[in-house]
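Numbers restart at 1 for each chain; the letters A, B, ... are given by sequence-line order, proteins then strands.
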Protein chains: 2
Amino acid sequence: MDVDWDDLKTVLALVRAGSLAAAGAALGVNYTTVARRVQRAEAAVGVPLFERLAGGYQATETGLLVAEHASEMEARENALLRRLQGRDQTLSGPLVITAPQLLIGPMIAPVLDRFSTLHPDVSVKIRATNDLLNLNRREADLAIRISRNPGDTLMGLRLCAQHGASFASPELAARIAADPQGRIDWIVYEFSPQVPKKALELYPNSRVRMVFDDMVAMLGAARAGLGVVRMPLFLGRTTPGLVQVPMLPPQPYIDIWVVAHPDVWRSAKVTAFRDLLVPQFRKMRHLFVSGTGSEETEQVHRETNA
Amino acid sequence: MDVDWDDLKTVLALVRAGSLAAAGAALGVNYTTVARRVQRAEAAVGVPLFERLAGGYQATETGLLVAEHASEMEARENALLRRLQGRDQTLSGPLVITAPQLLIGPMIAPVLDRFSTLHPDVSVKIRATNDLLNLNRREADLAIRISRNPGDTLMGLRLCAQHGASFASPELAARIAADPQGRIDWIVYEFSPQVPKKALELYPNSRVRMVFDDMVAMLGAARAGLGVVRMPLFLGRTTPGLVQVPMLPPQPYIDIWVVAHPDVWRSAKVTAFRDLLVPQFRKMRHLFVSGTGSEETEQVHRETNA
DNA sequence: TTCACACCATGCGAAAACGCATGGCATGGA
DNA sequence: TCCATGCCATGCGTTTTCGCATGGTGTGAA
């Protein structure tokens, strides 16, 4: 009784994907291959692992058991690949970086420019998303995150503290300045769907006009004059068509971190990128904070929260 | 960057075996296949995993790293296979049992006889060895062990307590009886290469004549009259050509346990075998102990010593 | 030195795995 | 009802992988 490891891998993919076609796409093989490998696996263990339904393959209890263990095997494989990557001291090959969409233009792009000039053999891939990609699964090598919790089991460096404030289109700003006691419309983010407390104290006539789930769209709405938006200072300052308004005085916002898995933290490509990234944020610190407070700009962070 | 899991498995086998041929034999494939898979793995990780030396393949540091993680993947595979086996409620297919060579004839053989009659579809394999096979790695499904420590992480049932005593050939026994003060030659086991303390007190002229590393050979030597041997009561009593001698009065010996991995403990075949094994030892208890002490004969044992 | 015996590299034909194309089947919307 | 869209099963030709056989090399014993 012995099972082909790739068949186990295929069972795992099929359990995750739910259909032959999707699993095949995930594995980069034809779906018939998935079907055949699953058949082999079932023959090997002597028990059906899936029910063939019209809507796709549904894992049996045994199939889930197999997938569970295969998933643990995959975790070990990922650990291995991270370790191998960590010892890689070459400045060539792929490097995957993830960062929030809106941070890339003003802050990351200049770094990317210099990096690809200095290290032309590195093929950089940017994954611009607010999703927290799983660095354990090697979905990215290095992440720039705006977060209170840069990531369990990850290693990180605080790039910058930042302040948030309120911004609006010049026309709206002028209208408000002309009638500060009038109604003030806010566009708020779904994760804090209220008018900021401080703003409500200063301008009791504030109200929520709309709730958005996407900051890019909020920027667009703000520029179109739909309302006042709370956002990080750097964003308001670097977005044309927005001016700061006094509804919300600058106040601490979420820090910016660069994080990576400890296994890959010291690899050549990740190190080289950090070596450009950190000075960039140090140089541009004025963009992020209000006033001249001399806060610390770097801090090593390590969590071992298993 | 993605690696074929079977290539990892092959790297592990090659690190363990040390040569293409040996690894191929272990995997059940031609050695050229091993060579090709290793080449693929090296191409995938971009680093050499082995040095090709005249005497075989020597793993590089990176190769060892790969093997280490592959070994952990293998451990998860074994866990899976055990779990699958544990849910197997059929009384057909393979069942591997290991027991000390000398216990098989007098005690296990009758059980095997009944078992294969009751369950003719089970193909039983006996691994008769004093080595402690690794039940985690599924080298056997069920083990009968004479041991103070039936096995970490295993589940067990104490089949029987037993006594040990001294035995010799009838001729030697007669000679000693005729001259109890004369020199008494012992054949001892390498793990306790001394004349038993109690025997030395009673017969100060005892001395070690030879040290053996194998109990079968010691039985042979004892029957040939080479000396007195300390052995379990059941062994002396069931071996023709030996008689008990008074040098060493019966005293506690190592217990006999039946153990299995918790994952497979309750599977149908293992349970069915235990159901015959336990009564057999209960019935034959008189063979193992001296006198009529009414000791407990069963005791569930569970260790979780990770 | 010479032979025997490990080991490994390479080339070729056989076998297995794979991708593609066709067809069947169920579901859901027009 | 009919069609469109997902699914999956099956058959066929191609690609890849594999096993075998040959040849080369270094080591140790006669």
For nucleotides 20-26 of chain C, 5' to 3', base contacts (B), sugar-phosphate-only contacts (S) and non-contacts (-) with protein non-hydrogen atoms under 4.0 Å give BB----S
Between B:Lys269 and B:Asp88, does any side-chain N to carboxylate O distance fall below 4.0 Å?
yes
Could you tell me whether B:Arg127 and B:Glu139 have a side-chain N and a carboxylate O separated by less than 4.0 Å?
no
Between C1' on C:dA17 and CZ on B:Arg40, what's the gap in Å once rounded to a whole number?
12 Å
What does A:Ala35 touch in the nucleic acid at a heavy-atom separation under 4.0 angstrom: a base, only the sugar-phosphate, or nothing?
nothing
Atom CZ of A:Phe50 to atom C1' of D:dC8: distance rounded to whole Å?
14 Å
Salt-bridge criterion met for A:Arg16 and A:Glu74 (N-O under 4.0 Å):
yes
Do we see a donor-acceptor contact under 3.5 Å between the side chains of B:Arg266 and B:Thr271?
no
Salt bridge flag under 4.0 Å for residues B:Asp185 and B:Arg207
yes
Closest to the side chain of A:Thr33, out of C:dC18, D:dC7, D:dC18, is C:dC18
Could you state the atom-to-atom distance from CG of B:Leu20 to P of C:dA9 in whole Å?
6 Å
Does D:dA9 have its OP1 or OP2 closer than 4.0 Å to a side-chain nitrogen or oxygen of A:Tyr57?
yes
